[in-house]
Amino acid sequence: MAGVTKEESWGEYLRSSGSATWKVSKPFVNGGASGMLATCVIQPIDMIKVRIQLGQGSAGQVARTMIKEEGFGAFYKGLSAGLLRQATYTTARLGSFRVLTNKAIEANDGKPLPIVQKALCGLTAGAIGACFGSPADLALIRMQADATLPAAQRRNYQNAFHALFRIVKDEGVLALWKGAGPTVVRAMALNMGMLASYDQTVEYFKDNLGLGEYSTLMGASAVSGFFASACSLPFDYVKTQIQKMQPDASGKYPYTGSLDCALKTFKAGGPFKFYTGFPVYCVRIAPHVMMTWIFLNQIQKLEKRIGI
């Protein structure tokens with residue numbers, strides 16, 4: 001039809017072929033797409049963060065060592081696992097958060113939710129997302145940590161799917177959820193900080209400060225990224241230690257579980273040990289959170305423009 005763009009034609013197709021299905025799946029699709037786009041940008045910083053937590057030095061030292069010994073491509077090692085993680089974890093958490101908050105707003109007669117209810121929705125969404133994303137998260141951590149191990153201990157995963165296949169073959173299906181406990185707790189803390197603070201800040205910036213769309217988006221995204229980092233790093237530290245641990249010569253693991261890891265870490269270095277690498281972690285988490293919200297905003301604008 002003359003004068004009809006491809007975007008409009010695609011929008012008309014979606015409206016006519018499955019509007020009910022699209023309405024249900026829309027927040028999940030949007031969440032996953034925005035998270036995957038953000039991951040493509042932030043992957044190098046994530047690699048450095050993991051290496052710092054594994055005790056390889058400062059951000060500058062880690063970056064120089066990686067470039068010298070492994071080449072620039074090392075910064076994108078594990079990207080396939082990172083994308084798979086976003087396709088599962090972020091799809092589930094952002095989608096379920098929006099569904100939960102919409103249901104809660106309906107129950108609240110359309111009034112904005114108090115911060116406590118938003119936090120509860122964020123906690124629940126984080127748990128749901130982590131349950132779906134834990135296998136990919138395990139593959140990502142192992143792929144990123146592999147180069148730090150002695151040659152004889154390296155697993156040499158080729159990509160995320162090869163890692164998942166090897167884990168199932170060598171360790172059993174349930175091994176895909178190794179460290180799932182701290183992963184879920186970390187996700188609950190991160191999403192409580194990220195999701196609740198974003199919605200609350202958007203409302204405050206719009207209603208109380210009268211800021212425009214762009215200023216509100218950038219400001220709320222920055223606040224969301226900071227709270228996500230501050231709330232989640234202690235749990236992320238424990239999760240990383242659990243997921244990358246290997247047995248000693250006698251077959252004994254250094255930690256019996258996340259609580260044992262937390263207690264030994266606290267005893268060895270005090271509470272600030274859990275915030276090892278916080279500047280880099282914040283630099284990694286905050287921009288990823290910000291870009292996720294920005295990409296999500298642009299995706300929603302596109303959908304509005306084509307009428308879906």
Side-chain angles (χ1 to χ4, degrees), residues 7 10-11 13-14 17-43 45-46 76 78-103 121-141 143-144 159-161 163-164 176-177 180 183-184 186-196 198-199 202 217 220-221 224-225 228 232 236 284-306 308:
E7 291 177 349
W10 177 241
Y13 171 76
L14 284 176
S17 62
S19 57
T21 301
W22 173 242
K23 185 177 180 180
V24 173
S25 60
K26 182 178 178 180
F28 296 92
V29 173
N30 291 353
S34 60
M36 292 173 75
L37 289 170
T39 291
C40 290
V41 178
I42 212 69
Q43 179 71 10
I45 298 177
D46 192 38
Y76 285 91
L79 178 61
S80 60
L83 293 176
L84 180 61
R85 179 176 182 271
Q86 294 300 318
T88 52
Y89 169 61
T90 300
T91 296
R93 69 181 174 126
L94 291 187
S96 59
F97 177 74
R98 194 51 59 200
V99 170
L100 290 169
T101 52
N102 288 342
K103 292 292 184 182
C121 290
L123 284 169
T124 305
I128 293 171
C131 289
F132 281 96
S134 187
D137 191 57
L138 175 63
L140 174 62
I141 292 294
M143 291 176 71
Q144 289 177 328
N159 52 55
F161 295 103
L164 294 175
L176 293 174
W177 280 270
T183 297
V184 170
R186 181 255 190 191
M188 292 173 68
L190 185 148
N191 284 281
M192 180 185 68
M194 171 185 172
L195 302 176
Y198 180 79
D199 273 17
V202 166
L217 174 63
S221 298
S224 175
S232 65
D236 183 80
R284 182 266 175 196
I285 290 292
H288 190 281
V289 169
M290 291 180 68
M291 284 185 287
T292 297
W293 290 124
I294 292 169
F295 280 126
L296 181 59
N297 178 265
Q298 293 302 309
I299 291 171
Q300 290 172 335
K301 278 187 174 181
L302 174 63
E303 291 171 344
K304 186 176 181 180
R305 187 165 70 245
I306 63 178
I308 59 174

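The two residues Ser224 and Trp293 make their nearest non-hydrogen contact at OG-NE1, 3.1 Å. In terms of heavy atoms, Leu195 sits closest to Arg93 at CD1-O, 4.5 Å. Leu79 and Gln43 get closest at one heavy-atom pair: N-NE2, 3.7 Å. Closest of all the heavy-atom pairs between Gly31 and Leu296 is N-CD1, 4.3 Å. Scanning all heavy atoms of the two residues, the minimum distance from Leu94 to Met194 falls at CD2-CE, 4.3 Å. Heavy-atom minimum distance, Ala92 versus Phe132: CB-CD1, 3.9 Å.
The structure places CG of Leu84 at 10.0 Å from CG of Asn159, a figure rounded to the nearest 0.5 Å.
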*asked:* For a side-chain contact (heavy atoms from CB on, under 4.5 Å) check, start with the C-alpha distance between Thr88 and Ser134, then their side-chain angles and the critical distance, and finish with the verdict.
replied: CA-CA 9 Å; Thr88 52; Ser134 187; over 6 Å; no

*What's the verdict on side-chain contact (heavy atoms from CB on, under 4.5 Å) for Thr39 and Arg85, showing C-alpha distance, side-chain angles and the deciding distance?*
CA-CA 10 Å; Thr39 291; Arg85 179 176 182 271; over 6 Å; no

*When you look at Asp199 and Arg98, which way does the side-chain contact (heavy atoms from CB on, under 4.5 Å) test go after all the steps?*
CA-CA 10 Å; Asp199 273 17; Arg98 194 51 59 200; 3.3 Å; yes

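Within the 4.5 Å cutoff, no side-chain heavy atoms of Ile42 are placed close to those of Met290. The closest side-chain heavy-atom distance from Thr124 to Ser96 is not below 4.5 Å.
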